[in-house]
Amino acid sequence: MSGIRPTGFLHLGNYFGAVRNYVRMQDEYTCYFMVADLHALTTLNETKELKGHVRRVMAENIACGLDPDRVAFYCQSHVPETTELYLFLNMLAKVGELEKTPTFKDKIRLQPQNINAGLLTYPVLQAADILLQRAHLVPVGKDQEQHLEIARDFAIRFNKRFGEVFPEPYAFNFGENLARVPSLDGAGKMSKSENQNATLYLADDDETIRKKVMKAKTDSGAEAGSPMPESIGNLFQLLRLVAPEETVEVFMAHYMAGTIRYGDMKKELAEGMVKFIAPIRERAAAIQDDDAYLRRVMEQGAVKARANAQVTIGLAKEAIGLVYY
Ligand code: ATP
Ligand code: MG
């Protein structure tokens, strides 16, 4: 089980941290993937944008290879059982621990004018999404690791207090560490809602991709043997995502010898990104315009997701003692 907030355009980080894993998991696991529109309400000022964002995130996931016929692919608000479990879990959540969550502290710094209770209980809603499908594995990027710990903690707490209902969920990435795709300016990660000029979006056109990559931060050229600055390490990390191993090795050898030309490396990176992004962008654009198809996807996703969710809610209510006849 996993989800993405409809807060903007999907980017390379979403792809390598999340969607790539979704696509691989759909062959081996029973999967529940959703567009987290309720989560988006904690930070969106303008809800008129939601409809477009939801449709685009859905289209972009499908364009990346997610198959709505093989998984449950749904919209969070179409599964009202989510909010029911959210309420139960809120009774187990401690205000003090929620206030200490680093993502909450970040968010109140970013939007001091709107510190709503939804922001505080964001990890509770996320735990509800995951536990509602009784998920074992949650494919997410590195930035979500702490939220997963919180979700696991809720599962353990609930089971201890009321009886065994939920498996303990773990953050998941195929065979490797959780991914973190850095932003091109080296200031944080690529993101839908921050660092937008230093994030490569799956909807960016070829020229925009080239421009963003060529502006990426580098240094004035390494001295042989000096430790690699973070911005350069990031460029290599990005190149590894889209270029063959041999190409990366050539640039690395130049780096080590102090003869690297960052202009050449960025050109290689830009062309790799263009080749990777263009087909996804084109597929997504076509899907996004197909009203009937998107409607069918959302309807069938909700049916699958609710069927499993209702079983969970039944189990949870019984465990809590909310069954009276
Ligand atoms: P927002 O800025 O609105 O929070 P976001 O880009 O952080 O957007 P989310 O919807 O919060 O995206 O996260 C969706 C998924 O993408 C999560 O699994 C998250 O871990 C992953 N993800 C987001 N950014 C990155 C990144 N830069 N590298 C790897 N994974 C990422
Ligand atoms: Mg995020």
Side-chain angles (χ1 to χ4, degrees), residues 1-25 31-47 49-50 52-54 56-58 60-61 64 66 73 75-76 101-111 114 118-119 122-123 125-127 129-130 135 137-151 169-174 176-204 212 216 230 234-235 237-238 240-242 273:
M1 193 284 146
S2 195
I4 299 185
R5 301 201 313 155
T7 44
F9 295 84
L10 289 201
H11 52 80
L12 276 189
N14 299 137
Y15 181 80
F16 286 102
V19 183
R20 179 171 68 164
N21 286 304
Y22 302 176
V23 173
R24 287 180 63 180
M25 287 178 94
C31 297
Y32 295 87
F33 299 126
M34 59 129 194
V35 179
D37 55 344
L38 300 177
H39 281 285
L41 294 180
T42 59
T43 53
L44 270 192
N45 296 322
E46 189 42 89
T47 50
E49 293 172 1
L50 257 180
H53 284 329
V54 167
R56 186 170 46 244
V57 170
M58 289 223 129
E60 286 177 331
N61 270 277
C64 288
L66 190 141
F73 185 39
C75 215
Q76 188 182 26
T101 313
T103 40
F104 176 64
K105 289 190 191 157
D106 288 349
K107 286 277 150 57
I108 60 180
R109 218 176 318 116
L110 286 170
Q111 53 179 63
N114 180 18
L119 272 185
Y122 191 104
L125 182 57
Q126 190 169 336
D129 298 326
I130 296 166
L137 300 178
V138 184
V140 285
K142 181 97 184 134
D143 59 296
Q144 289 295 326
E145 203 169 24
Q146 265 161 339
H147 282 166
L148 254 293
E149 269 168 40
I150 299 176
Y170 283 88
F172 178 78
N173 188 36
F174 264 93
E176 303 154 40
N177 297 329
L178 299 182
R180 177 185 183 276
V181 178
S183 64
L184 289 163
D185 60 6
K189 70 170 188 71
M190 288 196 184
S191 161
K192 278 186 258 107
S193 49
E194 298 160 48
N195 293 329
Q196 288 174 342
N197 291 324
T199 294
L200 293 172
Y201 294 99
L202 301 181
D204 281 346
K212 283 183 181 173
E230 202 185 348
N234 287 347
L235 274 192
Q237 194 189 327
L238 291 169
R240 266 195 201 97
L241 295 176
V242 292
M273 290 295 174

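Reckoned from all heavy atoms, side chains included, excluding hydrogens, waters and symmetry mates. For ligands, and for the atoms within them, numbers begin at 1 and follow the listed sequence.
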Please write down residue, atom name and distance for the protein heavy atom closest to atom 1 (P) of ligand 1.
S193 OG, 3.3 Å

Hey, what do you get for NE2 (H147) to CD1 (I130), rounding to the nearest 0.5 Å?
10.0 Å

Contact partition for A18 relative to ligand 1, non-hydrogen atoms under 4.0 Å:
side chain

Just wondering, more than 12 heavy atoms not from Q111 lying within 6.0 Å of its CD?
yes

Identify the protein heavy atom lying closest to atom 22 (N) of ligand 1, giving its residue, its atom name and the separation to 0.1 Å.
D143 OD1, 3.6 Å

Would you say S2 touches ligand 1, if touching means a heavy atom closer than 4.0 Å?
no

Taking all non-hydrogen atoms of both residues into account, name the closest pair between Q196 and K212 and its distance.
O-NZ, 3.5 Å

Please indicate whether any nitrogen or oxygen in K107 is less than 3.5 Å from any nitrogen or oxygen in ligand 1.
no

Starting from atom 17 (C) of ligand 1, which protein heavy atom do you reach first, and at what distance in Å?
Q144 CG, 4.0 Å

Proximity of R180 to ligand 1 by residue part, where a heavy atom lies under 4.0 Å:
backbone

For the student: nearest non-hydrogen atoms of T199 and M190, plus distance:
OG1-CA, 3.4 Å

Looking at G141, G13, A36, the heavy atom closest to atom 20 (O) of ligand 1 belongs to G141

Nearest 0.5 Å, please: how far is CG in N234 from CG in L184?
9.0 Å

for atom 8 (O) of ligand 1, nearest protein heavy atom and its distance come out as K192 NZ, 3.0 Å

Parallel, tilted or perpendicular: which fits the ring planes of Y122 and H39, with parallel below 30° and perpendicular above 60°?
tilted

Number the atoms of ligand 1 from 1 as they appear, then name those within less than 4.0 Å of a heavy atom of V140, with their elements.
18 (O), 20 (O)

Can you check which of V181, N14, I4 brings a heavy atom nearest to atom 23 (C) of ligand 1?
N14

Examine T7 against ligand 1 and note whether any of their N/O atoms are separated by less than 3.5 Å.
yes

For the student: nearest non-hydrogen atoms of V138 and P169, plus distance:
CG2-CB, 4.1 Å

Among R5, K189, H147, closest by heavy atom to atom 7 (O) of ligand 1 is K189

Look at atom OH of Y201 and say whether more than 12 heavy atoms of other residues, nucleotides or ligands are closer to it than 6.0 Å.
yes

Would a line drawn from the ring center of F33 to the ring center of Y22 be shorter than 6.0 Å?
yes

Could a heavy atom of H11 be found less than 4.0 Å from some atom of ligand 1?
yes

